[in-house]
There are 2 protein chains.
Amino acid sequence: MSTKPAVNGAHKAAIRQENEEQILAAAERVFADFGFKGATTARIAETANVPKANVHYYFNTKEALYRRIMEDVCDHWLEAAMTFDNSADPAVILRGYIEAKMDLSRARPYGSRLWAHEIIRGAKFSSEYISTTVKNWLDSRVIVIRGWIDEGKMDDVEPYTLMYMIFATTQHYADFGRQIEIFNNDKPLSDAQFAEAKENVVRIILKGVGLS
Amino acid sequence: MSTKPAVNGAHKAAIRQENEEQILAAAERVFADFGFKGATTARIAETANVPKANVHYYFNTKEALYRRIMEDVCDHWLEAAMTFDNSADPAVILRGYIEAKMDLSRARPYGSRLWAHEIIRGAKFSSEYISTTVKNWLDSRVIVIRGWIDEGKMDDVEPYTLMYMIFATTQHYADFGRQIEIFNNDKPLSDAQFAEAKENVVRIILKGVGLS
DNA sequence: TTTTAACCTGACCAAACGGTCAAGATAAAT
DNA sequence: ATTTATCTTGACCGTTTGGTCAGGTTAAAA
């Protein structure tokens, strides 16, 4: 059509960005639904409304596309992880972290399910990321929790077990969302139901470790 | 070789049973590791040490094999579920159930991971089973828990949320076992570590709902 | 011993897959 | 106006996949 008056190559850049975003969004859904092997480039292309060859134009291989999405998901998770550092009160910090993870499961379930697929498969693409970035983050939180225990602010619980419990419970609402939906008479949890679940999860865990 | 003196067609029956078991065990591993699509009949055959054609002789299609394994896994889970009915004391019942689920995650992780794959995929093969058998079991436990709450034996928590928390936390040790292993300096949890985790999970949840 | 039924398997096939490519269309630079 | 660089896509290709099948072996029945 018309040549936009945009400065420099702004139009071409916009086209690239829009197509990449469209493909990434489609791929995140398809990978989450079918796993790495089960997802086909044809389906990703169809979901993104572009020809299959175009997917390969922007992302050379299926594996490259998969890795890129894993990175994006991890970035989002590290953001949520930051809510662990905002306050000196253990109850406030833990509540904030649990709520942030619950909200992320609700707002971006595909990322969580993609992660679950990846770990179940043996973390072939992400074991290095887990053993460095994620492990460092986790170990530092464990030290914080041990500090709270030593100061008598909470019960003497094994910190890793507590963190795994938070991971598992919050991500369950994304990873096993379909099962929860079936138990809920085949209807997704309403906002009110989810809010109630979130409050209950916070309450049980905080009380469980002696923080209420 | 020699024709065994076995009564009737006992030998042939034994052959069938042994081959089926070998294929089922191999398929459970391979499906858990790679998902439905990612698992190949060739790999299942290789793992079971039988020619590929033999897999199709005993189980017509890949889907039939998958369904059969899903049923087997569910049977085992319903056994664990029965530990919910042994006593009148809520703390004893919940502790027993949580411990049984933790032990199952440790002893039979493939089943749990297979189930996780199936749910993440949208429960295409098992939604009917979940919406009937499993839902009935869950709903009846929820009624039991509501009874305990009404009798003032425990805190007023939303029973489904509590059950999901137990599901999520216990199965996490199977489904995300690889991640836990990486966090544990690339070594699987020792028996002592797992026992400690189990005790902590029980303690946090029981205290969290006012049962200790 | 003969017949029948069940088990076994290498070789094969159509379909689906990830990825390539040549040729055209569009926009930016000269 | 011409050249250059990027974007677009239908057609194509080699490989892998689930599944088939004919022909063989073994064991139970007659």
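In what follows, chains carry the letters A, B, and so on, assigned in the order in which the sequence lines appear, proteins first and then strands, with residues in each chain numbered from 1. Any value given below was found using the heavy atoms of this structure, including those in side chains, with hydrogens, waters and symmetry copies removed.
Within the 3.5 Å criterion, the main-chain N or O of B/T161 finds no donor-acceptor partner in the side chain of A/N200.
Salt-bridge check for A/K135 with A/E128: failed, with every basic side-chain N at 4.0 Å or more from each acidic carboxylate O.
In this structure, B/H56 places its NE2 atom 17 Å from P of C/dC13, rounding to the nearest Å. The distance from atom CD1 of B/I44 to atom P of D/dG18 is 8 Å, rounded to the nearest whole Å. Straight-line distance from the CD atom of B/Q17 to the C1' atom of C/dC7: 16 Å, rounded to whole Å. Atom P of nucleotide D/dT20 and atom CG of B/N60 are separated by 7 Å, given to the nearest angstrom. Distance CD (B/E18) to P (D/dA27): 13 Å, rounded to an integer number of Å. B/Y66 has its OH atom 14 Å from the P atom of D/dG18, to the nearest Å. Rounded to whole Å, atom P of D/dT20 lies 16 Å from atom CZ of B/F59. Atom NZ of B/K62 is separated from atom P of C/dA15 by 18 Å (rounded to the nearest Å).
Between the side chains of A/Y66 and A/E118, at least one donor N or O sits under 3.5 Å from an acceptor N or O. Side-chain contact of A/D103 with A/Y173: a donor-acceptor pair under 3.5 Å is absent, judged by distance alone. No donor-acceptor contact under 3.5 angstrom links the side chains of B/Y164 and A/Q179, judged on distance only.
The aromatic rings of A/F125 and A/F36 sit perpendicular, their planes meeting at an angle over 60°, well past the 30° parallel limit. Relative orientation of the A/H172 and A/F176 rings is parallel, given thresholds of 30° and 60° on the angle between their planes. Ring-plane geometry between A/F84 and A/W137 is classed as perpendicular, the angle between the planes exceeding 60 degrees on a 0 to 90 degree scale with a lower cut at 30. Between B/W115 and B/W77, the angle of the ring planes lies from 30° to 60°, which puts this pair in the tilted group.
For the OP1/OP2 pair of C/dC8 and a distance below 4.0 Å, the side-chain nitrogens and oxygens of B/N19 include at least one atom meeting the criterion. Using a 4.0 Å cut-off, some side-chain N or O of A/Y57 falls inside it from OP1 or OP2 of D/dC7. For C/dC7, the OP1/OP2 oxygens have a side-chain nitrogen or oxygen of B/R16 closer than 4.0 Å.
Residue contacts for A/Y58: at a heavy-atom cut-off of 4.0 Å it reaches the sugar-phosphate backbone alone, with no base atom in range. Note on B/A39: only backbone sugar-phosphate atoms sit closer than 4.0 angstrom, heavy atoms only; bases stay farther off.
A heavy atom closer than 4.0 Å to some atom of DNA chain C occurs in B/P51, B/A53, B/N54, these being the qualifying members of residues 46-55 of chain B. Heavy-atom distances under 4.0 Å link DNA chain C to no residue of residues 21-35 of chain A.
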* **Residue pair B/L65, B/Y58: steps toward the side chain to side chain contact (heavy atoms under 4.5 Å, CB included) verdict** => CA-CA 9 Å; B/L65 180 54; B/Y58 284 103; over 6 Å; no
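Among the nucleotides D/dT8, D/dT17, D/dT20, the one closest to any side-chain atom of A/I15 is D/dT8. The side chain of A/T41 approaches C/dG18 more closely than any other nucleotide in the set C/dG18, D/dG19, D/dT17.
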